[in-house]
There are 2 protein chains.
Amino acid sequence: MAKHDPDLSRVFHALSDPTRRAIVAALAQRPLPVTALARPTGLSLPTVLKHLACLEEAALVVTEKQGRTRICRLHPAPLAVAEGWLGAQRTEWEARTDRLESYALALMKEART
Amino acid sequence: MAKHDPDLSRVFHALSDPTRRAIVAALAQRPLPVTALARPTGLSLPTVLKHLACLEEAALVVTEKQGRTRICRLHPAPLAVAEGWLGAQRTEWEARTDRLESYALALMKEART
DNA sequence: TAAATACTTTGCCAAATGGCTAAGCATGAT
DNA sequence: ATCATGCTTAGCCATTTGGCAAAGTATTTA
């Protein structure tokens, strides 16, 4: 039952923090260097770097050093994976409610005879 | 920028643990009492109850006491909210790559004249 | 009424998380 | 060569997390 899926765990964990979600949202618009990401958060640079490391471990962000600045880009594939998992659960749930509904309809039809 | 969205934080955090995802997946099939959820995890009951509390705080699960057993059901709305957030980020990212592509195409066309 | 079942509460623990400051290193500008 | 910029590393701290065992409460069931 409990298939340990380290990827999903890392992605969901990365997205569970508002600072990291803000970083993802910013990088969805355009690549940015670390300092530009840090400024609007009001957090210290080392703190933001830790958040970035967390996002990189989840493969949500890739970075590349250019001279003395590090450019960060969004890597959207894990977003799609997470989205797929969520959709699958919703689909399962909806399939069950559909089965319940048709069962209820069948009962009503039978009661009418 | 960093709109602290406690709902999303709680939902993503709840889903960041494999045990809790397994619980969600099980409840997507059908409602279950606590012990039935605990059995396949191999974890102690108090531990599973803590996971359930976490899922309830995220509004992913609702429970109802029937006699001495507590029935747990999936509440799929937060799944849809999380899915929506993920989709929005992907959409933003795709919009940007589309803009880049048409810009590149325009450059190529101009170069040809 | 007594025993089994199904949680529930309490208290404990090690490890991870999210934050900081201070000090270091590498590169671009003067 | 010097200085400012932009990251990096190292260490510290309080809180949270995920796990457990033990003991309690509330409902069946016998």
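Every chain is numbered from 1, with letters handed out A, B, ... down the list of sequences. Since we're looking at a predicted model, the values are computed, not measured.
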Ion pair check, A:Arg90 and A:Glu94, cut-off under 4.0 Å: yes
Separation of [N] [atom2] from [X] [atom1] (nearest whole Å):
| X | N | atom1 | atom2 | result |
| --- | --- | --- | --- | --- |
| B:Leu55 | D:dG18 | CG | P | 10 Å |
| A:Leu49 | C:dG24 | CG | P | 18 Å |
| B:Lys65 | D:dT27 | NZ | C1' | 9 Å |
| B:Arg68 | D:dT28 | CZ | C1' | 4 Å |
| B:Arg70 | D:dT27 | CZ | P | 12 Å |
| B:Glu57 | D:dG18 | CD | P | 11 Å |
| B:Glu64 | C:dA6 | CD | C1' | 16 Å |
| A:Gln66 | C:dA26 | CD | C1' | 16 Å |

Closest-nucleotide 5' rank along DNA chain C - winner of B:Pro33 and A:Cys54: B:Pro33
Can you find a heavy atom in the side chain of B:His13 that is under 4.5 Å from one in the side chain of A:His13? no
Does a side-chain heavy-atom distance below 4.5 Å link B:Leu15 with A:Trp85? yes
Which atom pair, heavy atoms only, marks the closest approach of [X] to [Y]?
| X | Y | value |
| --- | --- | --- |
| A:His51 | A:Arg20 | ND1-NH1, 3.1 Å |
| B:Ala38 | B:Leu45 | CB-CD1, 3.7 Å |
| B:Ser44 | B:Thr47 | OG-OG1, 2.8 Å |
| A:Ala58 | A:Pro78 | O-CG, 3.6 Å |

Using only heavy-atom distances, determine whether the side chains of B:Ser16 and B:Arg21 contain a donor-acceptor pair under 3.5 Å. no
Sequence neighbours left out, cut at 3.5 Å: what donor-acceptor pairs do the side chains of residues 68-77 of chain A make with other protein atoms?
| unit_1 | atom_1 | unit_2 | atom_2 | d |
| --- | --- | --- | --- | --- |
| A:Thr69 | OG1 | A:Gln66 | O | 3.4 |
| A:Arg70 | NH1 | A:Thr63 | OG1 | 2.8 |
| A:Arg73 | NH2 | A:Glu64 | OE1 | 3.2 |

Below 3.5 Å between N/O atoms, which protein atoms pair up with nucleotides 19-24 of chain D? Just atom names and distances, please.
| unit_1 | atom_1 | unit_2 | atom_2 | d |
| --- | --- | --- | --- | --- |
| D:dG19 | OP2 | B:His51 | NE2 | 2.4 |
| D:dG19 | N7 | B:Lys50 | NZ | 3.4 |
| D:dG19 | O6 | B:Lys50 | NZ | 2.7 |
| D:dC20 | OP2 | B:Ser44 | N | 3.2 |
| D:dC20 | OP2 | B:Ser44 | OG | 2.9 |
| D:dC20 | OP2 | B:Thr47 | OG1 | 2.6 |

Using OP1 and OP2 only, check whether a side-chain N or O of A:His13 sits under 4.0 Å from C:dA16. no
Estimated bend of the helix from C:dT1-D:dA30 to C:dT30-D:dA1 (axis per five terminal pairs, rounded to 10 degrees): 20°
